[in-house]
Amino acid sequence: MIRSFARSEAHVGMLEKLGLRSYMCVPLEVRGDVLGTITFLSAESKRRYEPDDLSLAEALSYRASLAIDNSRLYGEAQEAIRDRDEFLSIASHELKTPITTLQIQVQGILRRIQNVGETAAANGLAERMVAPERQIQRLTHLIDDLLDISRITAGRLDLHIEEVDFAAVVRDVSARLEETLARSGCALTVRAAGVEIGQWDRLRLDQVVTNLLSNAVKYGSGRPIEVSLTGDPEKVRLEVKDQGIGIEPENQARIFERFERAVSGHHYGGLGLGLWIVRQIVDGLDGRLAVESEPGKGSVFSVEIPRARRLVPDDLSGTSRESGGVLAS
Ligand code: ADP
């Protein structure tokens, strides 16, 4: 028997020296594929394997096969995620270039139309440019979200911390979304008078307010929206309240994850990235993001952000997270 599987005379000699008495060989089988075998050998003990030993060996090989299969599947899943993220990063950069060119050209045309003055032809042309301009804005927004997701996933969402007036940001965003609000029929009440100063990233705060307010419009069923900003010496609190479709309790945690949506794509367009990005920014500023919602009644998204980030001592250099200003996800 040894001769039947030995590879050479020397191999036969070695195997004979082992003094083999008995052996079992069981396949490592997974979903119809044989990954390999496990061989059990007995020598000095002079023990002979019995049918019970074979059953035990088979049970062991079954469990080992499952473990190997799981680790392989896990590896493949990780690789697929890496491929997806790399694709997202390349695709969003590629998409950004033509859309930026298009945007510049449309803005140029609109400027030239304005220069012509208030003629009927110019007004007609300007009206016809509204739809393309809106679609370009929409595309830009989607591509920016895709770019953000690849940056954040790669741990490269830089926060540029400076002194910012959060109340001014809220008022700016509300003014910018005036046209969108008017189109949706949602009346907006803003309670953000005065100043709310803190150490934040102006553009990222703008993005937080824009995303939450845009969602309130999108899912707000044309009903009134309220935005309020309040503060105490340590922190500020932003609330965006709508009276729209609301969110089922079982979906309320999931919607903050990447690509997660609680509505059908047929009724509401979107990639399911906005809230994930908001959460990453709020986390990066040591804040908290929460939702309270009742289906059919509406939602309140709230963000609480400290006026300055906590100083976390760095064991190695003694510097703080403040100095790095980089959000690693
Ligand atoms: P998107 O709007 O592109 O789907 P978001 O990440 O902004 O992506 O939102 C994720 C999901 O959370 C949405 O698909 C929707 O189901 C739900 N959602 C967000 N904001 C609201 C809101 N104000 N009212 C009801 N549902 C909301």
Side-chain angles (χ1 to χ4, degrees), residues 84-85 88 91-92 95 99 134-153 157 170 173-174 176-177 180-181 183-191 203-229 237-285 287-304 327 329:
R84 180 199 67 188
D85 289 344
L88 273 179
S92 45
L95 290 168
I99 205 70
R134 206 176 286 152
Q135 293 307 323
I136 288 174
Q137 267 175 16
R138 213 175 136 211
L139 266 176
T140 307
H141 186 74
L142 288 171
I143 296 167
D144 283 345
D145 275 2
L146 285 178
L147 268 173
D148 258 353
I149 189 181
S150 46
R151 277 196 211 112
I152 298 172
T153 313
L157 180 70
V170 172
V173 174
S174 310
R176 201 184 320 129
L177 290 181
T180 315
L181 281 151
R183 242 182 294 133
S184 70
C186 295
L188 176 68
T189 312
V190 183
R191 284 191 206 93
L203 290 179
R204 293 295 177 188
L205 276 193
D206 186 302
Q207 209 175 354
V208 167
V209 183
T210 305
N211 277 347
L212 294 181
L213 190 51
S214 304
N215 276 352
V217 174
K218 183 162 154 190
Y219 303 107
S221 314
R223 300 206 190 98
I225 296 171
E226 287 164 46
V227 176
S228 71
L229 188 73
R237 181 181 169 85
L238 170 78
E239 270 191 18
V240 180
K241 182 176 177 188
D242 67 63
Q243 298 173 29
I245 60 173
I247 305 154
E248 303 283 338
E250 63 271 26
N251 291 329
Q252 288 178 13
R254 181 168 78 73
I255 53 170
F256 296 104
E257 300 298 329
R258 269 195 300 182
F259 308 115
E260 291 287 352
R261 314 195 65 216
V263 287
S264 101
H266 294 302
H267 294 111
Y268 297 94
L271 297 175
L273 291 177
L275 285 181
W276 184 76
I277 292 170
V278 168
R279 203 189 70 192
Q280 301 304 314
I281 297 170
V282 172
D283 280 356
L285 294 169
R288 283 189 315 147
L289 169 67
V291 64
E292 275 174 44
S293 181
E294 209 180 312
K297 293 260 167 71
S299 314
V300 185
F301 282 85
S302 61
V303 172
E304 250 180 38
L327 166 67
S329 69

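Whatever order the structure lists them in is the order used to number ligands and atoms, beginning at 1. FYI, side chains are in, hydrogens and waters are out, and symmetry mates aren't considered; it's all heavy atoms of this structure.
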Measure the distance from [atom] to every protein heavy atom, then report the residue, atom name and distance (to 0.1 Å) of the closest one.
{"atom": "atom 5 (P) of ligand 1", "result": "Leu275 N, 3.6 Å"}
{"atom": "atom 7 (O) of ligand 1", "result": "Asn215 ND2, 2.8 Å"}
{"atom": "atom 4 (O) of ligand 1", "result": "Arg261 NE, 2.5 Å"}
{"atom": "atom 8 (O) of ligand 1", "result": "Gly272 CA, 3.2 Å"}
{"atom": "atom 21 (C) of ligand 1", "result": "Tyr219 CD1, 3.4 Å"}
{"atom": "atom 23 (N) of ligand 1", "result": "Asp242 OD2, 2.9 Å"}
{"atom": "atom 16 (O) of ligand 1", "result": "Ala262 N, 2.8 Å"}

Could you tell me which atoms of ligand 1, counted from 1 in the order shown, lie closer than 4.0 angstrom to a heavy atom of [X]?
{"X": "Lys218", "value": "1 (P), 2 (O), 3 (O)"}
{"X": "Ile255", "value": "10 (C), 11 (C), 12 (O), 17 (C)"}
{"X": "Ile247", "value": "25 (C), 26 (N), 27 (C)"}
{"X": "Leu273", "value": "6 (O), 8 (O)"}
{"X": "Glu260", "value": "10 (C), 11 (C)"}
{"X": "Gly270", "value": "3 (O)"}
{"X": "Leu271", "value": "3 (O)"}
{"X": "Val263", "value": "14 (O), 16 (O)"}

Looking only at heavy atoms, which two atoms of [X] and [Y] are closest? And how far apart?
{"X": "Thr210", "Y": "Val173", "value": "OG1-CG1, 3.5 Å"}
{"X": "Val291", "Y": "Gln252", "value": "CG1-O, 3.9 Å"}
{"X": "Glu304", "Y": "Arg237", "value": "OE2-NH1, 3.0 Å"}
{"X": "Asp242", "Y": "Tyr219", "value": "OD1-O, 4.4 Å"}
{"X": "Ile247", "Y": "Ala262", "value": "CG2-CB, 4.4 Å"}
{"X": "Ser299", "Y": "Ser293", "value": "OG-OG, 3.0 Å"}

Under 3.5 Å, sequence neighbours excluded: what are the donor-acceptor pairs made by side chains of residues 183-190?
from   : atom 1 : to     : atom 2 : distance (Å)
Ser184 : OG     : Leu181 : O      : 2.8
Ser184 : OG     : Cys186 : N      : 3.2

Inset, instruction - Report yes or no: do Asp148 and Gln207 form a side-chain donor-acceptor pair below 3.5 Å? - result: yes
Inset, instruction - Establish, from distance only, whether the side-chain atoms of Gln137 and Arg134 form a donor-acceptor pair under 3.5 Å. - result: no
Legend entry - Partner set under ring pair (Phe, Tyr, Trp, His ring centres under 6.0 Å) for Phe256, not counting sequence neighbours: none
Legend entry - Sub-4.5 Å side-chain heavy-atom contact between Ser214 and Thr180: no
Inset, instruction - Look at ligand 1 and say whether Phe256 reaches it with a heavy atom at a distance under 4.0 Å. - result: no
Inset, instruction - With heavy atoms only and a cut-off of under 4.0 Å, state how Phe301 meets ligand 1: side chain, backbone, both or neither. - result: side chain
